[in-house]
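Before any comments, here is the structure.
Residue numbers count from 1 along this sequence.
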Amino acid sequence: MTRDLMMSRRNVLASGLALGVSAFAPAVRASAPIKVAGIHASPVENAWNSVLHKALQDAAAEGVIEYVFSEGVSGTDYPRAMREYAEQGAKLIIGEAYAVEKQAREVAVDYPETAFVLGSSGKESGDNFGVFGTWNHDGAYLAGMLAGKMTKSNVVGSVGAMPIPEVNMLINAFAAGVKAVNPHAKHLVTFIGTFFDPPKAREAGLAQIDAGADILFGERIGTADAAKERNIKSVGSLIDYTPRYPDTVFANALWGFRPILSAAIADVAAGKPVGKDYTAFGLLKEGGSDVAYVKGVAPAEAETAMEAKRAEIKSGAFEVPRITDEPK
């Protein structure tokens, strides 16, 4: 798999997303498109929000939904935005409840005819409040296996947003992948305290490099800028950063939202309750996430071992540990 033809791993992800679409498309297209609102706490160029935004845009382009959205919505304004979209007739609202868990559930109670499916650290609630987690930890573990065999300093670093369960689980999975192949490696962790501040993530990455890290895991946008500046390697998260940083980002823990969105839309179209946890649709074994890497950057034996572990995850023979405690 050359850099130019690195799509084999990405095609696995794309085919999984396509399956998620075909499962519900005939039923949905038999009626008018469903009005869906996206409420993004960060700008849509933020990696996490960009994944949701693209899935929603793609569904709209296919005529499955009618999509409206707001971006950069602060925590104080978030419940208001939810109410406004519900009153404007949105049948499904997609967004994030991480900063407004209690308030978001209160809004859902007031609008029982509106379906809410939000990224959340909590549980589903009632018939109309569903949740999903960003579980691309499988890909993070696999990328960590490569990083563990590549580090020369025996120090790797991770730059994350804040120590919420989903972020903790992702960083812990990367660290576990490193430790699985290199138990003596040291892992540095920095949280920048926000979901979107690329300059701050860059500064955190530079500090880790100064502390000895020669590979960085960028849970946040901006980390790869530090790696590029200091000429070391980096791992991306959620989206494929390699085209943007071709000589820096050698692996990515990808996550796709379309399977989750497809399942939620199918439930709304069928008049079924959405008060459930949709997270599993985003797992590697379900085709919702994967690892993409540039072949030949890591040692051949490291790639072979990683691919063998990926096959085990895919088959269910191995499950990446889901550790939500704050990494140390």
Fill in: Arg105 and Glu101: CA distance, side-chain angles, deciding distance, salt bridge (charged side-chain N to carboxylate O under 4.0 Å, His left out) verdict
CA-CA 7 Å; Arg105 286 166 171 74; Glu101 294 284 358; 2.6 Å; yes
Practice prompt. Give every residue pair that meets the side-chain hydrogen bond (donor to acceptor under 3.5 Å, both in side chains) criterion with at least one member in residues 297-306, sequence neighbours excluded.
Written response: Lys295-Glu303
Worksheet item: Does Thr279 reach the main-chain N or O of Gly133 with its side chain, forming a donor-acceptor pair under 3.5 Å?
Response: yes
Discussion item. Between Phe257 and Phe132, does the ring-ring contact (aromatic ring centres under 6.0 Å, His included) criterion hold? Intermediate values first, please.
Written reply: CA-CA 10 Å; Phe257 183 65; Phe132 63 88; 5.0 Å; yes
Discussion item. Quiz question: by atom type and distance under 3.5 Å, do the side chains of Ser120 and Glu96 form a donor-acceptor pair?
Written reply: no
Practice prompt. Using modelled atom types only, decide if a donor and an acceptor are shared between the side chain of Asn136 and the backbone of Trp255 within a distance under 3.5 Å.
Written response: no
Worksheet entry | Pairs meeting criterion side-chain hydrogen bond (donor to acceptor under 3.5 Å, both in side chains) with involvement of residues 139-163, two or more places apart | Thr151-Asp214, Ser153-Asp214, Asn154-Asn182, Ser158-His187
Discussion item. If I take atom CD1 from residue Ile215 and atom OG1 from residue Thr248, how far apart are they, to the nearest 0.5 angstrom?
Written reply: 12.0 Å
Worksheet item: Quick one: do the Ser42 and Glu71 side chains pair a donor with an acceptor below 3.5 Å?
Response: no
Worksheet item: Sub-3.5 Å donor-acceptor pair from the side chain of Asn252 to the main-chain atoms of Leu254, do we have one?
Response: no
Item to complete: Measure up the Tyr67 and Phe69 rings against each other and bin them: parallel (under 30°), tilted (30 to 60°), perpendicular (over 60°).
Response: parallel
Practice prompt. Could you verify whether a donor N or O on one side chain and an acceptor N or O on the other, from Asn128 and Thr114, lie under 3.5 Å apart?
Written response: no
Worksheet item: Between Phe195 and His40, is the gap from one ring center to the other below 6.0 Å?
Response: no
Fill in: Summary of salt bridge (Lys or Arg N to Asp or Glu O under 4.0 Å) pairs that have at least one residue in residues 195-212, sequence neighbours excluded
Arg202-Glu229, Asp210-Arg230
Worksheet item: Between NZ of Lys272 and CG of Asp127, what distance do you get to the nearest 0.5 Å?
Response: 13.5 Å
